[in-house]
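Values reported hereafter were calculated over all heavy atoms of this structure, with side chains retained and with hydrogens, waters and symmetry mates removed. In this text, all values refer to a predicted model and were calculated from it rather than measured experimentally. Below, chain A is the first sequence line, B the second, and so on; all start at residue 1.
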Number of protein chains: 2
Amino acid sequence: MARNLQDHILQTASALFYSQGIKATGVDAIVKAAGTTKMSLYKYFPSKDDLVLAHLSKSRDAMLNRILAGVELRASEPKQTLLAVFAVFDELLSSPEFRGCPFINASAEFAEASNPVQLAAAEFSDTFREILADLARQAGAQDPESLSQQLSMLISGAIVSEQMRRQSGAMLTAAAAASILIEQSLSRAEPA
Amino acid sequence: MARNLQDHILQTASALFYSQGIKATGVDAIVKAAGTTKMSLYKYFPSKDDLVLAHLSKSRDAMLNRILAGVELRASEPKQTLLAVFAVFDELLSSPEFRGCPFINASAEFAEASNPVQLAAAEFSDTFREILADLARQAGAQDPESLSQQLSMLISGAIVSEQMRRQSGAMLTAAAAASILIEQSLSRAEPA
DNA sequence: TTGCAACTATACAGACCGGTATGTATTATT
DNA sequence: AATAATACATACCGGTCTGTATAGTTGCAA
């Protein structure tokens with residue numbers, strides 16, 4: 001199952017952090033769930049904080065890969081490519097394991113602005129927006145920066161909405177709004 | 001300053017819960033900040049959970065009052081009334097004490113779906129959406145439910161965006177998107 | 001077979017958590 | 001002056017937290 005113990009511990013911790021929250025998950029619980037011992041855990045991760053940051057890094061990579069793969073899979077005309085991002089997130093929200101965005105949640109759990117967890121969350125947020133901005137630019141949007149920020153806010157909003165009330169179809173409603181905003185931005189960008 | 005001790009304790013706790021997070025704020029810290037003792041705190045709030053729920057209830061009332069007052073203050077034509085909500089939130093985001101939405105953050109801190117904190121957060125979210133839906137209905141929107149969900153998602157999204165990166169002007173960008181969505185919804189609602 | 005590294009088992013340190021017990025000072029009411 | 005309510009002071013409880021120390025076990029390789 002786990003090629004090496006370090007990965008196995010990280011994977012176990014990651015699942016617990018996401019499903020129960022980071023502060024709510026003790027090291028003992030991780031050790032028990034992973035079927036290992038504290039000594040082994042602390043061998044690979046010198047502190048819980050290191051483990052938390054590794055979890056966020058892993059989540060970051062998984063999320064970005066999933067988005068890029070989904071976009072590539074559904075890629076067609078420019079507008080549909082942007083909407084493909086919403087389809088990817090709609091899949092995520094539909095999973096019974098969905099428990100919100102790991103970065104939004106982590107940002108809420110660790111309040112101090114200087115905390116490394118906050119920085120990791122902010123960095124992911126920026127990267128995601130840049131991806132959207134690139135897609136918007138390729139689609140020929142009038143103001144790719146604004147459009148990407150708006151689409152990213154719709155997605156974040158749909159995530160927290162779905163987190164509070166499941167099966168609300170939030171991401172589809174968000175996609176409908178996105179469609180209108182994209183249309184506007186593309187039509188205004190056409191030269192006369 | 002504090003007319004009675006109970007209010008004073010709640011106010012102190014509320015500020016700490018919001019600024020540092022709920023789980024990160026211990027009872028001892030609240031007692032110390034309020035200049036009182038544990039015994040007095042536990043007289044009025046039988047458990048920390050009770051204090052947390054009181055904090056959310058207080059935040060709920062404060063937030064709803066602020067929104068309604070802001071809307072009434074800026075009320076003019078229907079569309080501007082909806083956009084007034086965004087102006088209220090832009091004010092909130094501009095405060096140096098801003099640390100995100102108390103309910104989104106609380107929802108992230110307490111993961112279990114059945115937790116009373118989750119229920120309080122969901123209830124606020126619903127109430128807020130109903131207010132937006134009423135305004136959208138009064139404005140003559142084509143589909144007030146969808147529009148209100150979209151506007152609410154833009155606002156939540158702008159809040160988390162601003163939480164991760166301050167001074168990003170997220171709420172103004174959200175308002176621009178809202179303006180487009182409102183326009184569309186109103187124009188489509190006009191009978192031919 | 002010996003040796004070594006990875007891993008396990010378990011106990012513990014020290015701090016902090018929410019919550020309680022006991023007793024005292026202050027103030028208002030009667 | 002007697003009583004009752006309110007708040008304070010302080011010490012303590014059991015439990016949990018992150019992190020460490022010590023010792024035993026396994027498996028593989030020379």
> Starting from C1' on D:dA7, measure out to CD on B:Gln6 and report it in whole angstrom.
14 Å
> Charged N to carboxylate O below 4.0 Å: is that the case for A:Asp126 and A:Arg129?
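No salt bridge links A:Asp126 with A:Arg129.
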> Check the distance between C:dA6's C1' and A:His8's NE2 and give it to me in whole angstrom.
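Checked: the NE2 to C1' distance equals 15 Å.
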> Select one nucleotide: of C:dC7, C:dT20, D:dA9, the one nearest the side-chain heavy atoms of B:Tyr42.
C:dT20
> To the nearest Å, give me how far apart CD1 (B:Ile9) and P (D:dA7) are.
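About 8 Å, once rounded to whole Å.
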> Okay, side chain of B:Arg166, backbone of B:Leu93: is any donor-acceptor separation there less than 3.5 Å?
yes
> Rounded to whole angstrom units, what separation is found between the CE atom of B:Met39 and the P atom of C:dT24?
15 Å
> Across the strands shown, which category fits B:Phe45 at heavy-atom distances under 4.0 angstrom: base, sugar-phosphate, nothing?
nothing
> Rounded to the nearest angstrom, tell me the gap between atom NZ in A:Lys32 and atom P in C:dA9.
13 Å
> Do any N or O atoms from the side chain of A:Ser57 and from the backbone of A:Leu53 form a donor-acceptor pair under 3.5 angstrom?
no
> Which listed nucleotide (D:dT18, D:dA9, D:dT6) is nearest to the side chain of B:Thr37?
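Selected nucleotide: D:dA9.
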> Do the side chain of B:Lys23 and the main chain of B:Glu109 share a donor and acceptor less than 3.5 angstrom apart?
yes
> Would you mind telling me which of C:dG18, D:dT6, C:dC7 lies closest to the side-chain atoms of A:Leu5?
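My answer, after comparing the listed nucleotides, is C:dC7.
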> According to a strict under-4.0 Å criterion, is B:Lys38 in side-chain N/O contact with OP1 or OP2 of C:dG19?
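Answer is no, no contact under 4.0 Å.
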> Within this structure, what is the NZ-to-P distance between B:Lys43 and C:dG19, rounded to whole angstrom?
18 Å
> For D:dA7, take OP1 and OP2 only and decide whether either is under 4.0 Å from a side-chain N or O of B:Tyr44.
yes
> Phosphate oxygens OP1/OP2 of C:dC7: is one of them under 4.0 Å from a side-chain N or O of A:Thr36?
no
> Among C:dG19, C:dT8, D:dT6, which nucleotide has an atom closest to any side-chain atom of B:Lys48?
C:dG19
> Over how many whole Å does the gap from A:Asp28 atom CG to D:dT20 atom P extend?
14 Å
> Once you round it to whole Å, what is the distance between P of D:dC17 and CG of A:Leu41?
14 Å
> Using a 6.0 Å cut-off, check whether atom CD of B:Gln6 has over 12 heavy atoms from anything other than its own residue.
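Enclosed: over 12 neighbouring heavy atoms sit under 6.0 Å from CD of B:Gln6.
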